[in-house]
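Proteins get letters first, then strands, A, B, ... in listed order; numbering begins at 1 in each.
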Protein chains: 2
Amino acid sequence: MISESVDDYLKAILELGGAHDERVTTNALAERLGVRTPSVTGMLQKLAAQKPLLVLYEKHRGVQLTAAGKRRAWELVRHHRLLELFLHDVLKYSWDEVHDEAERLEHFISERFEDRVSAILGDPEFDPHGHAIPRKDQSGVFRDEATLAEWPLHKPAIISSVSDRNAASLRELERLGLMPGAALIVEQRKSSGALAVRLDGGPEVIRVNKDLAFRVLVGNRQR
Amino acid sequence: MISESVDDYLKAILELGGAHDERVTTNALAERLGVRTPSVTGMLQKLAAQKPLLVLYEKHRGVQLTAAGKRRAWELVRHHRLLELFLHDVLKYSWDEVHDEAERLEHFISERFEDRVSAILGDPEFDPHGHAIPRKDQSGVFRDEATLAEWPLHKPAIISSVSDRNAASLRELERLGLMPGAALIVEQRKSSGALAVRLDGGPEVIRVNKDLAFRVLVGNRQR
DNA sequence: GTTAGGATTTAGCTATGCCTAAATTAGTTA
DNA sequence: TAACTAATTTAGGCATAGCTAAATCCTAAC
Ligand SMILES: [Mn+2]
Ligand SMILES: [Mn+2]
Ligand SMILES: [Mn+2]
Ligand SMILES: [Mn+2]
């Protein structure tokens with residue numbers, strides 16, 4: 001069996017490696033997982049040594065997932081996003097409350113639980129933050145999204161997803177109406193990195209600070 | 001924080017100690033938890049030594065829960081039974097499938113999860129096997145139930161609950177119609193311990209083997 | 001009262017996964 | 001090319017929670 005810790009390493013390697021499976025550094029993993037670098041080295045050595053080979057690791061050269069590692073990591077992502085939507089839609093959590101609970105439970109639900117939740121939700125495609133829910137037993141995909149921080153001025157944008165890693169930011173985004181599906185135009189970019197944004201051709205201009213602007217991912221069209 | 005292992009020890013001590021908080025032996029715990037006796041001794045020594053005092057332990061004289069230990073143990077029982085009912089009613093698990101999943105998840109759900117599930121289910125009183133769900137932040141109670149195995153002949157009985165620890169037995173009980181709320185009379189007791197049982201004054205007589213008879217708890221009246 | 005045998009504890013190990021401090025490596029910069 | 005530095009690894013520990021083998025305790029039977 002795969003432990004909760006190993007699970008978290010696999011998911012972090014997947015997410016940090018991005019669309020092209022880039023090698024992930026010891027430092028990046030330590031940072032993401034909130035552990036010290038020697039702990040990461042230790043874990044990677046152990047993983048690279050043992051039987052169901054989940055990672056490819058070369059000393060000083062970073063780590064990548066094997067096919068098996070990728071399979072498990074995507075399964076965790078599916079668990080996480082299904083759980084988030086379930087907590088939100090069925091248990092009436094607000095969208096800033098779902099992440100922490102899903103992060104814990106994703107490791108412990110069974111296949112049956114996963115299947116039943118998916119069925120109840122109608123085999124959904126997106127979680128409450130706009131992230132795509134991978135199909136069962138399939139690799140997910142990384143959409144190529146731009147951050148709102150880097151989006152050109154005056155070019156129409158649709159919010160595709162928002163970062164779910166900070167609850168306070170999520171509450172702020174909700175208050176501002178910056179949620180997946182919202183259409184907007186960036187009207188001005190301050191030297192501080194703050195933006196002036198107009199929602200949906202509406203009347204008000206919204207101030208979006210730099211931090212927040214990096215947490216909003218946008219595209220040209222609906223999803 | 002209390003680990004999953006400690007949780008399981010507390011719950012086992014509660015259940016083995018029964019209504020009168022009898023001292024629980026090392027052996028009984030080892031048997032119930034599926035670990036070896038030295039592991040139990042080790043755990044009890046550790047628990048008895050550390051800060052939030054959860055158990056009272058005297059060498060060679062068994063172990064009991066403190067008030068704090070009892071509080072945590074009953075909370076776990078509440079989690080377990082709420083989860084079982086939730087899995088059964090909302091996620092459409094059959095009653096023989098709920099126990100194992102609940103046994104795992106009971107340790108990891110938050111207060112919020114507990115509260116939302118309880119609300120969705122309408123603050124329910126009983127789980128799918130007829131066990132009482134303790135009220136939030138309250139000690140549960142041990143009902144004094146008799147097993148069907150020891151119930152007098154020809155005396156009307158109502159099934160109050162059934163053991164949830166064996167899936168095959170649960171399927172058998174369901175097939176026979178021996179479920180919480182069912183009224184019955186024991187018509188005959190074989191030397192093997194098997195019973196002949198008539199449901200609800202109905203026409204058929206059901207054969208209930210000894211093992212099954214010990215898994216069914218009955219009382220005089222509805223709940 | 002002794003004593004045998006079952007229950008329990010002690011002693012000593014293992015694996016996981018984290019930590020700090022110290023050593024080493026690799027890549028850049030002078 | 002040599003040295004510096006940041007990244008990484010090694011060395012040595014700790015806590016949790018399990019295990020086997022061996023010692024010890026308690027009680028019940030003699
Ligand atoms: Mn999330
Ligand atoms: Mn996680
Ligand atoms: Mn159960
Ligand atoms: Mn459990």
- Rounded interatomic separation in angstrom, taking CG from B:L29 and C1' from C:dA7: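 Taking CG of B:L29 and C1' of C:dA7, I get 13 Å after rounding.
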- How long is the line joining CZ of A:R23 and C1' of C:dA26, in whole Å? 14 Å
- With A:L56, which residues qualify under side-chain contact (heavy atoms from CB on, under 4.5 Å), at least two apart?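 side-chain contact (heavy atoms from CB on, under 4.5 Å) list for A:L56, sorted by chain: A:L53, A:T66.
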- Counterpart residues, side-chain contact (heavy atoms from CB on, under 4.5 Å), relative to B:F108 (two or more places apart): A:L105, A:F108, B:E4
- Note on DNA chain D: ranges paired as stems (three or more Watson-Crick/G-U pairs in a row, both atom distances under 3.5 Å) are C:1-30 with D:1-30
- Name all residues meeting the side chain to side chain donor-acceptor pair (under 3.5 Å) criterion together with A:D123; count only those two or more places apart in sequence or in a different chain, and write none if there are none.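 Once residues adjacent in sequence are excluded, the partners of A:D123 under the side chain to side chain donor-acceptor pair (under 3.5 Å) criterion are A:S118.
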- Message: Quick test of your reading of the model: are B:K11 and B:D7 salt-bridged, counting only N-O distances below 4.0 Å?
- Response: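 So B:K11 does not pair with B:D7 through a salt bridge.
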- Message: Between the side chains of B:R171 and B:E174, is the shortest nitrogen-to-carboxylate-oxygen separation below 4.0 Å, so that they form an ion pair?
- Response: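 Not counted as a salt bridge, because no side-chain N and carboxylate O are separated by less than 4.0 Å.
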- Message: The criterion is salt bridge (charged side-chain N to carboxylate O under 4.0 Å, His left out); which residues satisfy it with A:E97, sequence neighbours excluded?
- Response: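 If we apply the salt bridge (charged side-chain N to carboxylate O under 4.0 Å, His left out) test to A:E97, skipping adjacent residues, the hits are B:R112.
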- Task: Quick one: list whatever passes salt bridge (charged side-chain N to carboxylate O under 4.0 Å, His left out) with A:D115, sequence neighbours left out.
- Result: A:K136
Presence of [X] side-chain N/O under 4.0 Å of [N] phosphate oxygens OP1/OP2:
X	N	value
A:Y9	C:dC18	yes
B:S3	D:dA17	yes
B:S5	D:dT16	no
A:N27	D:dA6	no

- DNA chain C contacts among residues 52-62 of chain B, heavy-atom distance under 4.0 Å: B:Y57, B:K59, B:H60
Side-chain polar contacts of residues 42-52 of chain A - donor-acceptor pairs under 3.5 angstrom, sequence neighbours left out - could you list them?
none

- Sort and list the pairs that fulfil side chain to side chain donor-acceptor pair (under 3.5 Å) and have at least one residue in residues 20-44 of chain A, not counting sequence neighbours.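 Output for this query lists A:E15-A:R32, A:D21-A:K70.
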- Per the under-4.0 Å heavy-atom filter, residues of residues 31-51 of chain A near DNA chain D come out as A:T37, A:P38, A:T41, A:Q45
- Message: For residues 60-85 of chain B, which residue pairs pass the ring pair (Phe, Tyr, Trp, His ring centres under 6.0 Å) check, not counting sequence neighbours?
- Response: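 The answer is B:W74-B:F142, B:H80-B:H99.
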Side-chain donor-acceptor distances from residues 145-153 of chain B under 3.5 Å, at least two apart:
unit_1: B:E145; atom_1: OE2; unit_2: B:S160; atom_2: OG; d: 2.8
unit_1: B:E145; atom_1: OE2; unit_2: B:S161; atom_2: OG; d: 3.2
unit_1: B:T147; atom_1: OG1; unit_2: B:A149; atom_2: N; d: 3.4
unit_1: B:T147; atom_1: OG1; unit_2: B:E150; atom_2: N; d: 3.3
unit_1: B:T147; atom_1: OG1; unit_2: B:E150; atom_2: OE2; d: 3.3
unit_1: B:E150; atom_1: OE2; unit_2: B:T147; atom_2: N; d: 2.7
unit_1: B:W151; atom_1: NE1; unit_2: B:K155; atom_2: O; d: 2.8

